[in-house]
Structure formats: structure tokens, C-alpha cells
Protein chains: 2
Amino acid sequence: MAISFAEENYLKIIYRLSESTSDDISTNAIAELTQNKAASVTDMLRKMSEKGWVNYQKYQGVRLSEAGEKIALDIVRKHRLWEVFLVNKMGFNWDEVHEIAEQLEHIESEVLIDKLDAFLDYPRTDPHGDPIPNKKGELPQLGYIPLANMPMGKAGKLVGVAQDSAVFLQLLTKLNLKLGANLEITEINAFDLSVSLRIDGNPPVLISHEVAKNVLIKR
Amino acid sequence: MAISFAEENYLKIIYRLSESTSDDISTNAIAELTQNKAASVTDMLRKMSEKGWVNYQKYQGVRLSEAGEKIALDIVRKHRLWEVFLVNKMGFNWDEVHEIAEQLEHIESEVLIDKLDAFLDYPRTDPHGDPIPNKKGELPQLGYIPLANMPMGKAGKLVGVAQDSAVFLQLLTKLNLKLGANLEITEINAFDLSVSLRIDGNPPVLISHEVAKNVLIKR
DNA sequence: AATAATTTTTAGTCTAGTCTAAAAATTTTA
DNA sequence: TAAAATTTTTAGACTAGACTAAAAATTATT
């Protein structure tokens, strides 16, 4: 079944929202990320539900179906591989590549993506540390994930960092974030994706999304 | 002024048609290449004329304006650079890359194209021997062009070939196409782009587009 | 030059994807 | 738990870009 750019975007965004919660995804949340109005989202959800890509009940939010998740993972795979290309081969900084990858992820050619994957030496994560699904849609078992990708309420152990700039490591020290620390996310703020974090059972402290992305944890 | 995929495609196709004639381009010719109906083309030409990208007079055909040609050359530049990438870096054959490049040519990022250009070592031609415009929209002076790119009625001298497979060179010999031969195109068949060619003043013989693309001439 | 054939344009329709305004359902608050 | 606030949906409208059918203009043919 043919799929449009718009549909691909909706699926990708529902996937992204699903990554950080196990609840159903709300119309408003999708509207914000797609930059559309809620009414437009409702309409699209109805259509995608008919195509079998999402499970959608009026007023109850939405969830990807298995078929929808497969498509979403394929788009995520393309997005992240292109990001690796842009950073490793084209010399972009990791903070410059998102918009371009948003365009490249819609290029349709399985062969191209396989060749790109090989050309990049089969990377397991993108420049931001996010895992790259394989062509079957399976996420690599990394043994760790960025703290930023851990769902709310879950706990894990700090096992590494994705960056080793001096300023970053100094900040970790100041926050009392050491290797082996037990971490639990108590809140994720939608506005800036900053995270309230309980460290070794102490009262939660606030850390930025930027920091959370570079802290690697094992569940 | 924002430009859509559809508009970019029309401009590119009008440019391509202009390359092999100095006449105004007909609605039907555009319809065939865009795979649209003539009525749709008329409509689009009217709109693009209002935006100043083409000079269009009802029933009289169309021609790119200076602004339109600038845009078209930019798309052609992107298309051809991506083709080089696909062949030289991704290992595609030169006959497999067109459809993918048709998609990639619409990616919007000047910086990316500049970096790609550098990454590819500033190629002057694409894998088919077609010249790659620079970022100002200027075509490189190659000193030669593929015979397939020579306008009808013009003459030139055979100065080289773009391929040296045995079968190709044997065919040239059979056709009496030698270095230094004086060539004049007497007809281009729209159906298969095959070319009627007068060699050293002899009666014209027919050669395929495939051959014409690999024969290099100096005007 | 008149007629026939072809090309191009006009007029009206359709779909995808968006929007606004208002109605309906759900959630929060007092 | 009733009222208020918020979220979501419905209904109807709009635009870009396509289409078909018929009319108009151009080109080719007797």
C-alpha cells in the first residue's frame, strides 16, 4: 500500500511519542509535533486507522499497530542512517543534521539504504546515541540506552557517557552523577524535555535533555 | 518564494527539453515527460508564468525565464551530483541511479550540496558524461560534449569516447566513426532519442541514444 | 482556401491534506 | 458530583495539483 510523506510523518511522530511512554498517544501531542491543528490530526488518525497502521478509538488516543510500527521503524532507520552519513561523511555537527535527515528519511529505495548502511560500516547508533533499527525493524541490543530514552518511572544504573568533553564531565560530578549510580526518572517536562531525576534514592534534581542524552544507563 | 516538488519537476523538464532545441517547448512534450495530461500542464504553466519562472503565451509554447533557468540549473546540479554519489560512493551502476536521483534532487540544503560537491571532489560531469552546473548555475566548459547533447542541425568533430568497452568501440568502427570525423545531427527521434547522423558529409545513418551519449564531440 | 486533424485551453470535478468554528466528550476543580 | 475547563471530534471550507470532456485555436491536408 502506497504511503505519503504526511502519513510517514504521522507514523514517525507517534513512534517517537510512544518511546517515552506506555500510554496511548493523545491527539494534541501529535498536533504539537506535526505542527498541525488537532482537527487535522483526528482526521488523519481516522484514515490511518482504516489502513490498519494504528489502533485508534475516538477520544481514547492512539497506538501504533504492528504494521504501523514496522513502517515507523523503517523511517527511523533511514533517518538515523542518514544522520550518521551527514556527520561522519559530510562533516556536519550533530546538532545540524536533523532537518536534513527529516527530508532524506522519505527517500524510497531499499537498495540505497542497504548500501548506505554498508558504506557507513553498519553503525548501531546515530550521532546522538540513538539505536538504529536493522532492516527487519529490530533495535540492536546495546546493553545501554541514553537516559533521555528511558521511560518515566523506570530505574537504571549509570554505565557510561556518550561524550567526554571536560565541561560535560565536570557537570556530572557537580550533579553527583557517577558510574554505578542508581537513576530513576520521576518526571519529563514536555516543554524542553528536561528530566527530574532521583539519584540513589535522594530527592529528585532537574537535568536538561542535553545532559540526559549523554548519560548512558543499563535497565 | 517557496517552490513545490511539482513545480521543480516542471522546471527541470522544461530545461531538459530546451537543451535539445531552441524552439519554444510545447504543452504536449511537457505532458509526456511529466506523465500528466496536457490540461494539467496548461494550468501549471499559467501559474508558473505568474510567478515569473517561465515566459508563456497561450498556444505558443513556453520558455524558461532567467529566474526559471536558475532554479532548473540548481535542480540539475543536485540531480547530477547525487548521481555521482550513487555511482562512485554507493556502488550503483550508472543505469540504476536515475529514479533515486529524481528523489534526492528535491532535498533542500545548500550547505549539504556544497559539502557533497567537495566530498565527491568537485566532479565536472555526472556518470553519463553530462556537465554539472556550478553553484552559480554556470556549466563547466568541458571542451567537449556527448553527441547526445548536441542540438539538431549543429556540427562538431569527434574528439573522444566516454567508454572503452570492446563491444562499443567495435560498433564505432563498423559505423565508420573515427576520431576527427565531422558529425552533423540531421534528426532526433523523440520516441527513443535515436539520432540520424551525417558523418563526413555522407548520407545520414541512424545511431542509438546509447551510442550518442558515449561519443564525445567538440563544437 | 476550406476542411480535417491535431494541439491546446477552458470549465468543471476530484482527492489529499490542511484549516476554522462549533459541538461533544472527557477531565479537572471547586 | 455539578460546573468549569480542556481536549477531541464533527462539519464545512479551502488550496494544490491532478483529472475528463468539450470548446477553441493552430497546423496539416486536400
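Chain A is the first sequence line, chain B the second, and so forth, proteins listed ahead of strands; every chain is numbered from 1.
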> In whole angstrom, what separates B:Met44's CE from D:dA16's P?
Replying inline: 10 Å
> Could you write nucleotides 1-14 of chain D as a row of B, S and -, 5' to 3', where a protein heavy atom under 4.0 Å of any base atom gives B, of only sugar-phosphate atoms gives S, and otherwise -?
Replying inline: ------SBBB----
> How about A:Ile3 and A:Leu11: do any of their side-chain heavy atoms sit closer than 4.5 Å?
Replying inline: yes
> Have B:Tyr144 and B:Asn149 got a donor and an acceptor in their side chains that come within less than 3.5 Å?
Replying inline: no
> Which nucleotide in the set C:dC19, D:dC19, D:dG17 lies at the smallest distance from any side-chain heavy atom of B:Ala6?
Replying inline: D:dG17
> What's the CD1-C1' distance between A:Ile30 and C:dG17, to the nearest Å?
Replying inline: 16 Å
>> Expressed as a whole number of angstroms, how long is the span from B:Phe5:CZ to C:dG17:P?
In response: 14 Å
> C:dG17 P sits how many Å from A:Glu50 CD, rounded?
Replying inline: 13 Å
> Using a distance-only test with no angle check, is there a side-chain donor-acceptor pair under 3.5 angstrom linking A:Asn189 and A:Ser194?
Replying inline: yes
> Do the side-chain N or O atoms of B:Ser4 get closer than 4.0 angstrom to the phosphate oxygens (OP1, OP2) of D:dA16?
Replying inline: no
> In whole Å, what is the span from the CE atom of A:Met48 to the P atom of C:dG17?
Replying inline: 10 Å
>> Listing request: all salt bridge (charged side-chain N to carboxylate O under 4.0 Å, His left out) pairs with a residue in residues 71-88 of chain B, at least two apart in sequence or in separate chains.
In response: B:Glu19-B:Arg80, B:Arg77-B:Asp114, B:Arg77-B:Asp117, B:Arg80-B:Asp126
>> Using a heavy-atom cut-off of 4.0 Å across all strands, would you classify B:Tyr10 as base, sugar-phosphate, or nothing?
In response: sugar-phosphate
> Could you give the CD-to-C1' distance, from A:Glu7 to C:dA16, as a whole number of Å?
Replying inline: 9 Å
> Should we say atom CZ of A:Phe5 is surrounded by more than 12 heavy atoms from elsewhere, each under 6.0 Å from it?
Replying inline: yes
>> Check whether A:Ser196 reaches the backbone of A:Glu187 with its side chain - one donor and one acceptor, N or O, closer than 3.5 Å.
In response: no
>> Expressed as a whole number of angstroms, how long is the span from A:Lys51:NZ to C:dT15:P?
In response: 14 Å
>> Between the opening five pairs and the closing five pairs of the helix from C:dA1-D:dT30 to C:dA30-D:dT1, how far apart are the helix axes, to 10°?
In response: 0°
> Okay, side chain of B:Asn134, backbone of B:Gly137: is any donor-acceptor separation there less than 3.5 Å?
Replying inline: yes
> A:Phe119 vs A:Phe85 aromatic rings, parallel, tilted or perpendicular, using cut-offs 30° and 60°?
Replying inline: tilted
>> I'd like to know whether A:Glu7 forms a salt bridge (Lys or Arg N to Asp or Glu O under 4.0 Å) with A:Lys47, so could you lay out the CA-CA distance, the side-chain angles of the two residues, the decisive distance to 0.1 Å, and finally the verdict.
In response: CA-CA 9 Å; A:Glu7 289 166 333; A:Lys47 288 184 204 164; over 6 Å; no
